[in-house]
Amino acid sequence: MTRRRKSILRSRWRRSLRRFAVTLLFVLVGSGLWYSQERAYRDSLSWMGVPTWERLSPLTLHRVLRNDGFLVGWSDVRVNPLWVSYWLHEVDGVSIGARPGFRRDWRTLWPVAPDSYFGSGYDRGHLAPNYAIAAVHGAGAQHDTFLMSNLTPQRPDLNRRLWQRLEEVVIDHFVPRFAAVQVITGPVFAERFLDGVRRRVGLVEVPEAFYKIIVVPAETSRVLAFLMPQDVQGDEPLDDFLVSVDVIAARTGLDFFPQLPESAAGSLEGEVVTDGWALESVSRLPGRFE
DNA sequence: TTTAATGT
């Protein structure tokens with residue numbers, strides 16, 4: 001090879017190296033911007049960090065789907081949301097649109113169609129609720145609550161009665177009482193893996209129970225947590241189902257407030273404190289669809 | 001204005 005040819009090759013090589021460096025720079029800066037914006041958005045929708053796994057396993061692994069007004073921790077193994085997280089605050093002059101239709105979410109790996117629960121005896125139960133999300137976050141957010149990634153198989157007596165009563169108490173009583181609350185809610189699955197493999201509606205695993213954690217973020221933060229099994233009558237007092245956050249963390253393998261300092265976590269997550277929630281006046285309120 | 005959802 002001639003000297004001239006060698007030097008041409010060398011300068012080509014340099015040019016492509018330069019191009020690669022510039023591209024890499026753009027990718028790094030671009031993804032850095034994306035990452036910091038994404039993190040800022042996630043943080044704005046959660047208190048003390050987005051829920052994550054306490055123990056990492058195929059059963060706690062999930063990815064965060066970002067919706068208008070709420071986040072979903074989606075598991076392609078359970079084919080279920082493991083948690084949803086959203087803020088609720090006071091609004092006046094509430095008027096919401098009609099319920100939109102259920103829609104497939106194309107971000108999920110396995111297809112979950114609006115008719116996937118057909119004939120199963122299970123309702124398509126909302127995790128981020130239609131009414132409260134629509135009232136606080138508007139029509140776009142309401143639309144997103146009808147994505148199948150926000151739904152999970154729920155027994156009608158739970159979905160339409162006990163769970164509906166709890167959702168109503170949160171938006172109509174707790175929110176006015178505390179001005180703003182953070183809610184994290186999701187399913188609880190069978191302890192034994194094989195039970196979960198067997199109990200499915202199509203591809204979707206059927207939860208055994210559901211939790212709802214309500215936080216009042218203030219200097220003296222306050223938390224209330226419920227754990228409700230599928231198998232309920234629907235007219236039970238809500239406070240029959242109170243548990244500590246630790247119980248839910250143990251059952252789900254999730255860490256709900258990863259940024260909460262250890263010192264605060266102990267009492268906030270380990271105890272059931274009902275002072276100030278006025279549960280006696282809301283626990284037995286009747287449902288709308290008795 | 002009106003909180004759930006089902007072969008309505």
Side-chain angles (χ1 to χ4, degrees), chain A residues 67-70 80-81 84-105 112-178 180-187 201-202 204 206-207 209-212 214 224 226 228-238 241 277-279 281-290:
Chain A
N67 290 320
D68 200 355
F70 66 103
N80 262 271
V84 306
S85 174
Y86 53 93
W87 284 103
L88 296 176
H89 55 77
E90 279 184 290
V91 283
D92 31 48
V94 171
S95 77
I96 70 161
R99 290 166 68 98
F102 293 96
R103 282 149 51 228
R104 160 123 197 236
D105 188 338
V112 184
D115 62 0
S116 289
Y117 299 6
F118 180 88
S120 68
Y122 289 96
D123 278 4
R124 294 172 289 190
H126 279 77
L127 286 181
N130 165 49
Y131 176 81
I133 292 284
V136 175
H137 298 284
Q142 177 183 26
H143 211 237
D144 285 354
T145 67
F146 281 81
L147 287 167
M148 291 307 289
S149 54
N150 181 47
L151 296 152
T152 179
Q154 261 183 343
R155 282 277 177 219
D157 282 339
L158 177 63
N159 185 36
R160 306 177 193 186
R161 305 186 76 201
L162 189 68
W163 194 257
Q164 186 279 326
R165 287 167 52 214
L166 178 57
E167 288 179 341
E168 182 162 333
V169 164
V170 171
I171 186 66
D172 287 348
H173 295 271
F174 295 158
V175 169
R177 189 173 191 84
F178 299 113
V181 299
Q182 158 81 192
V183 183
I184 304 174
T185 192
V201 169
V204 178
V206 177
F210 298 88
Y211 66 86
K212 194 182 288 287
I214 304 142
L224 206 61
F226 295 88
M228 295 179 166
Q230 290 271 24
D231 179 23
V232 293
Q233 293 277 322
D235 54 0
E236 297 90 339
L238 297 178
F241 300 94
W277 293 88
L279 290 181
S281 65
V282 296
S283 261
R284 291 166 190 276
L285 288 175
R288 280 173 186 264
F289 313 103
E290 302 289 310

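In what follows, every chain begins at residue 1, and chains take the letters A, B, ... in the order their sequences are listed.
Distance, A:H173 NE2 to B:dT3 C1': 11 Å, rounded to whole Å. One can place CZ of A:R165 at 23 Å from P of B:dT2, the figure rounded to the nearest angstrom. Counting to the nearest Å, the C1' atom of B:dA5 and the CG atom of A:N159 are 7 Å from each other. Straight-line distance from the CZ atom of A:R160 to the P atom of B:dT2: 20 Å, rounded to whole Å. In this entry the distance linking CG of A:L285 with P of B:dT3 reads 16 Å, nearest Å. Taking atom CD on A:E167 and atom P on B:dA5, their separation rounds to 8 Å, with Å as the unit. Taking atom CD on A:E90 and atom P on B:dT1, their separation rounds to 22 Å, with Å as the unit. Atom NE2 of A:H126 is separated from atom P of B:dT6 by 10 Å (rounded to the nearest Å).
Across A:V175 and A:V181, no two heavy atoms sit closer than the pair CG2-CG2, 3.8 Å.
Nucleic acid contact for A:E168: base, since at least one base atom lies under 4.0 Å from a heavy atom of the residue. Counting non-hydrogen atoms under 4.0 angstrom, A:R161 reaches nothing in the nucleic acid. Across all strands, A:I96 comes closer than 4.0 Å only to sugar-phosphate atoms, never to a base (heavy-atom distances). Across all strands shown, A:G125 has heavy atoms under 4.0 Å from sugar-phosphate atoms exclusively, and none from any base.
A gap of 14 Å separates the C1' atoms of B:dA4 and B:dT8, to the nearest Å.
Between A:L88 and A:V183 there is a side-chain heavy-atom pair separated by less than 4.5 Å. Using a 4.5 Å heavy-atom threshold, the side chains of A:Y131 and A:E168 count as separate. Using a 4.5 Å heavy-atom threshold, the side chains of A:Y211 and A:I184 count as touching. With contacts defined as side-chain heavy-atom distances shorter than 4.5 Å, the pair A:V169/A:S283 does not qualify.
Of the residues in residues 116-123 of chain A, A:F118, A:G119, A:D123 come within less than 4.0 Å of DNA chain B through at least one heavy atom, sorted by number. At a non-hydrogen distance threshold of 4.0 Å, A:N130, A:Y131 from residues 129-145 of chain A come into contact with DNA chain B.
Between the side chains of A:N130 and A:Q142, at least one donor-acceptor pair of N or O atoms lies under 3.5 Å.
Without hydrogens or angle criteria, A:R124 side chain to A:S116 main chain gives no donor-acceptor distance under 3.5 Å.
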With a cut-off of 3.5 Å and sequence neighbours excluded, list every side-chain donor-acceptor pair involving residues 96-104 of chain A.
unit_1, atom_1, unit_2, atom_2, d
A:R103, NH1, A:H143, O, 2.8
A:R103, NH1, A:H143, ND1, 3.1

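Both A:F102 and A:Q164 sit near DNA chain B, but only A:Q164 has its closest nucleotide nearer the 5' end.
Taken to the nearest 0.5 Å, the CG atom of A:D231 stands 9.0 Å off from the CG atom of A:D157. Interatomic distance, OG1 of A:T185 versus CD1 of A:I214, reported as 8.5 Å (0.5 Å rounding).
Taking the side chain of A:D172 as heavy atoms from C-beta on, and the options B:dA5, B:dT3, B:dT1, the nearest nucleotide is B:dT3.
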